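First comes the structure, then the notes that go with it.
Everything numeric in this text was worked out from a predicted model, so none of it was measured. Naming convention: chains lettered A, B, ... in sequence-line order (proteins, then strands); numbering from 1 in each chain. All values below come from the heavy atoms of this structure, side chains included, with hydrogens, waters and symmetry mates left out.
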Amino acid sequence: MDNIDINGESFFDQEQELFFAPEIRAGFPSPAEEYQNGGLDFNRDLIQHPESTFYGRVKGDSMIDAGISDGDIAVIDKSREPKNGSVVVAYINNEFTIKYLDTTHKSEGYIELKPANEKYPVIRINGNDDFEVWGVVVYVIKSFKV
Amino acid sequence: MSCERVFRPDLRNQPVVVLSNNDGCVVARSNEAKAMGVKMGMPYYKMREQYGDRVVAFSGNHELYGDMTDRVMSIVKRQSPHFIRYSIDEAFLILNNKSADELKSWGEALHQEIRRSTGMPVSIGIAANKTLAKMASHFAKHYAGYKHCCVVDSDERRIKALKQFPIGEVWGIGRKLTARLASMDITMAYDLACRSKEWMQSTFALPTLRTWKELNGEDAVPTEKPTEKKSICVSRSFDGMISDLDILRTYVANYATRCAAKLRRQNTFATIVGVFIDTNRFRNDLPQYSNYFEKKLLTPTNSTILITQSAEECLEKMWQKGFQFKRAGVVVSSTEQGAGIQTNLIDFSASNYERMKQLDKVMDKINRIEGCETIVLGSQQFPHSPNQSKSQKFNDVLKHEHRSPCYTTQWNEIIELK
């Protein structure tokens, strides 16, 4: 047992105190206590529907002008109704793609998936295409190299 | 199947099967695969011979299936205070809170909500009791006209359904009983329902009597919550056969690790660790040997290291030279909730306990973020094969060539968006 060693002992030393945090409170309760809601929690505050929330990793720069770049993580809510102008994840030609949804021409029989990069073509979809809007992108998580 | 299709919409109307551990045989089939004639339990190589590439095969991805069915269940659970999850993909709801005429539209709406939120199709059966509800869900699944929800709410509908429903498909009627009933000219659910109560009482035990009552519309099968899991078993058949103790020990270490991780997820603790080994009983030409050995732990634990050590001890006590083993497994039992843990025993060392706890926490965290088996115990690693320089991990030794990504549980396997 004694030969287990992750980075010397430092890791345990750092976190040890959390484990022995005192649970026992006595005497007059703190007046701040009733205002305590716990800290800000992305899971609680940003993910409205955990059952319908999925994640996808962006590949390529077709949405670069929308601030969505290669390697970002898209937070996708499958239960949201896609609107005109929503950033959506669509499944077409056997792959997932992230684009703006444009339903302006729906009455004329087609909708469009628009990239946010002039180097990429607009994808026009008519009724015959094997296509579905898989989910609506609600957030994008971006990591800055630090 | 449905879980795989959520992330592979291209497979929606294609024949798809899921394979058992080690890619041995077919354990689940899509309707399209069924229609082609692919049989349940069919060995994988045989299916390939017969159907070539026309059937898409997946190694069972239980991580994905578990997460997707949990999502479905949490939506279902919101519908009624009386919710009983019956298996990984089945649940009962008691709908006292709904009036009779809104049931059908409620069920259809629930299916739609689940479909929209998770991409998963469900079948909903609504009836006076669980046996009839399960029967109704079969109809909902197999006839598109029901729009995924079948309500059996009158005697007329009930009788019509019973007449079309094979007795062997009825909830609680197993294969043996089906054969026995067939010898009594009972082949459809209706045939059983028509028998007299006296005859039923003199011929069958309580469970079958209850089924009979339910087929006749009474609510007879008690609603009980499944008890907290009392034991966890991780076992696999090997790809080939193994006689070497070191390799066997490595398998056992991996099974033990999985047991420990599962205990920690449930926040339960093992008091007994057991190991079993079996030779291949289909090989009459080889010497046969099976054994089971267990070790009681004074202090209940869910530490990977302690459980793995105990499992290895068990294995070493019963392993014998000269046998070729086909299967091994680790069972941990008598688990109890963490709160009741006794800490004043001889083998208990508080500092060691905390260190183990920290180590498991760190390992779980790394494996969750970086992918499972990013960090493993030394004893979990297999000796390297001639063409590989590094030691092999369990996941690479176990055959699951057709496993889909863990789209919802591993950051490095989420879908790619082009």
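- Residue A:Y55 touches chain B through both its backbone and its side chain, counting heavy-atom pairs closer than 4.5 Å.
- A:V58 touches chain B through backbone and side chain together, each having a heavy atom under 4.5 Å away.
- Neither the backbone nor the side chain of A:P115 comes within contact range of chain B; no heavy atom of the residue lies under 4.5 Å from a heavy atom of that chain.
- The backbone N or O of B:P405 lies less than 3.5 Å from no partner atom in the side chain of B:E413, so there is not a single donor-acceptor pair.
- Under a 4.0 Å N-O distance rule, the pair B:E90/B:R85 does not qualify as a salt bridge.
- Salt-bridge annotation for B:K357 and B:D360: absent, with no side-chain N of the basic residue lying under 4.0 Å from a carboxylate O of the acidic one.
- Each of A:T97, A:V87, A:V137, A:N117 was compared with A:M63 under the side-chain contact (heavy atoms from CB on, under 4.5 Å) criterion, and only A:V87 meets it.
- Only the side chain of B:M68 comes within contact range of chain A, with heavy atoms under 4.5 Å apart.
- When each of A:E95, A:E81, A:K99 is scored by its heavy-atom pairs under 4.5 Å with chain B, the top score falls to A:E95.
- In this structure, chain B has no heavy atom under 4.5 Å from any part of A:I68.
- With respect to chain A, the highest number of heavy-atom pairs below 4.5 Å among B:R115, B:E113, B:R78 belongs to B:R78.
- Heavy-atom pairs under 4.5 Å with chain A peak, among B:I415, B:I114, B:T118, B:L11, at B:I415.
- B:K361 places none of its side-chain heavy atoms less than 4.5 Å from the side chain of B:R264.
- Within a 6.0 Å sphere centred on CG of A:N93, heavy atoms belonging to other residues, nucleotides or ligands number 12 at most.
- Looking at B:V6, the atoms closer than 4.5 Å to chain A (heavy atoms on both sides) sit in the backbone and in the side chain alike.
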**OP:** Could you walk me through whether B:V76 and B:F83 pass the side chain to side chain contact (heavy atoms under 4.5 Å, CB included) test, one step at a time?
**Re:** CA-CA 8 Å; B:V76 173; B:F83 165 88; 3.8 Å; yes

